[in-house]
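Some notes on the structure that comes next.
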Amino acid sequence: MANERKTSASSNSASSNSASSNSASSNGPLPDGMPESLDGVVDQVFAALSTSRENFAPQLLLREVGTVTSVLTGIATVDGLPNVGYEELLKFPGNVYGIAFNIDESEIGVILLGDYWHLKAGDRVERTGRVMDVAVGDYLLGRVIDPLGRALDDKEIEHTSERMPIERPAAAIMDRSPVTVPLQTGLKVIDALIPIGRGQRELILGDRQTGKSTIAIDTIISQRGQNVVCIYCAIGQRASTVGRNIAIMREKGAMDYTVVVVTEGDAPPGLAYIAPYAATSIAEYFMNAGRDVLIVYDDLTQHARSYRELSLLLRRPPGREAFPGDIFYIHSRLLERATRMCPEFGGGSLTALPIIETEAQDIAAYIPTNLISITDGQIYLSPTLFELGMLPAIDVGKSVSRVGGKAQLPAYRAVASDLKLAYAQFEELETFARFGASLDASTRKIIEHGQRIRSCLKQPEFSPLSVAEQIIVLLALIAGLFDAIAIARMTEAQQIVQQSAAKIPADVIDRLLHAKNLSTEDRAAIVQIARQALADFKS
């Protein structure tokens, strides 16, 4: 029995070996490089790991991390970051950014650019290695954004790789061209008496609620069809006021070529500080592309106040009216970027209309004086004229354009000198007439004519006029066609004359816009159209 078991076991073992050999022979030989045992697999894995370790070259990423030591209203002090640069962008927790503004030996004063209420002492701060910049591009037209480029309207913002720093040096003197091309505001009193050229810096100043923003919005509306890109920068304005202005521009079709940069009154002061610089960089993108740009800063009073607040919190030495000593510099480096470029550099232009608020009609105050000395002229709005209903309430005597007739259409130059002289005579004589002095016939005639000039210079808000409509009214005024019209009916008569501008031949309008001089024949033809319109009006 034992021998039978051994014989059976040996036969089973032989059969299994035969089966395995048959299986191996049926599957063929093992692939090249495949180990025949588990030990070989382990050896191969360790060999691959050893090779990877020898070929690995570690890359060290150097990062400077600082610590927040204190947080105040709109600013933070940071410890550490020994290599940070002036105006470098720093990143705080919660995706809040700040600008390194004070670089002292022991700490860094940072202007915060966002909601900082969650920041606290001990938070980590990182360098970004870049200065503050803003996204630029044609996709911004018609949009409402904040100074950081975030959308404030109901549309998503498009991502773009094209960005420009908000602080850029102004164009060199030799790269600029003279200001010779007019920028039509659509307002008779400005286009005729205080002309603005493309590339000019014209200050708008006056007391509170005298119509400063209305003039700026009228000018933006008047650029429709003129191939001018407009930037409206609202600094520290109430949300209701900004929303009203945007609604008016959208109703008039001006948002198609306008970018609105908004910083509301309850925003951090850092955002109000960088807002005009960010808006100017967006404007310079279009100017560098060879386009004409109009930018409105509404208003720089809030900008100066936000900078004063930041400077006092950062313990910078205060000067006159508690403003820091470099308050003049922050506005001059901003407005010097407005210019008209030479054709070799694209021929674009950037026209600036900064707005400033005066107190008690004091145009000799610190900030107004600074801006008057920086700009190329000013448009002063009088509270007295505003209360009398003389809108726009522009005081022609205190307003001036230092570019003058060089940036004015010839048709306006033909009437501006006579108009301004007659209006000045009227204002002087009107003062004496208030004392009840007896007037001769010639003096009474001058006063009556001046009253009609003042009536013609009135204009409803948000109703800019074309060049032809303005010229026909002004020529009719200079020709004395309104002298026979009663003052009470002047508004109606003026509207009739404006409507008759549609009868001016197209070739005459073309010469009004492009000819070097207003010919006697064209002037007579326009006056005749106005005379016929008034004749029908009287009858």
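- A search for side chain to side chain contact (heavy atoms under 4.5 Å, CB included) contacts involving K420 returns L193, V396, not counting sequence neighbours.
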Going by atom type alone, with no hydrogens or angles, which donor-acceptor pairs under 3.5 Å involve a side-chain atom of residues 362-371 and a protein atom two or more places apart or on another chain?
{"from": "D362", "atom 1": "OD1", "to": "A364", "atom 2": "N", "distance (Å)": "3.2"}
{"from": "T369", "atom 1": "OG1", "to": "A364", "atom 2": "O", "distance (Å)": "3.2"}
{"from": "T369", "atom 1": "OG1", "to": "A365", "atom 2": "O", "distance (Å)": "2.6"}

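- The list of ring pair (Phe, Tyr, Trp, His ring centres under 6.0 Å) pairs with a residue in residues 163-185, not counting sequence neighbours, is empty.
- Sorted by first then second residue, the salt bridge (charged side-chain N to carboxylate O under 4.0 Å, His left out) pairs that include residues 55-78, not counting sequence neighbours, are R63-E126, E64-R127.
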Which pairs of donor and acceptor atoms, one on a side chain in residues 265-279, lie under 3.5 Å apart (sequence neighbours left out)?
{"from": "Y273", "atom 1": "OH", "to": "R333", "atom 2": "NH2", "distance (Å)": "2.9"}
{"from": "Y277", "atom 1": "OH", "to": "I330", "atom 2": "O", "distance (Å)": "2.7"}

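- Among residues two or more places apart in sequence or in another chain, the side chain to side chain contact (heavy atoms under 4.5 Å, CB included) test is passed with K155 by R143, D153.
- Screening residues 225-262 for ring pair (Phe, Tyr, Trp, His ring centres under 6.0 Å), with sequence neighbours left out, gives no hits.
- Legend: salt bridge (charged side-chain N to carboxylate O under 4.0 Å, His left out) pairs involving residues 208-229, not counting sequence neighbours: none detected.
- Every side chain to side chain contact (heavy atoms under 4.5 Å, CB included) that P178 has, sequence neighbours left out, goes to T180.
- Sorted by first and then second residue, the pairs that involve residues 367-383 and meet salt bridge (charged side-chain N to carboxylate O under 4.0 Å, His left out), not counting sequence neighbours, are R201-D376.
- Applying the salt bridge (charged side-chain N to carboxylate O under 4.0 Å, His left out) test to every pair with at least one member in residues 292-303, sequence neighbours left out, gives these pairs: R198-D292.
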Donor-acceptor contacts, no H, no angles, side chain residues 69-80, under 3.5 Å, sequence neighbours left out:
{"from": "T69", "atom 1": "OG1", "to": "T77", "atom 2": "O", "distance (Å)": "3.0"}
{"from": "T69", "atom 1": "OG1", "to": "T77", "atom 2": "OG1", "distance (Å)": "2.6"}
{"from": "S70", "atom 1": "OG", "to": "T77", "atom 2": "OG1", "distance (Å)": "2.4"}
{"from": "T77", "atom 1": "OG1", "to": "S70", "atom 2": "N", "distance (Å)": "3.3"}

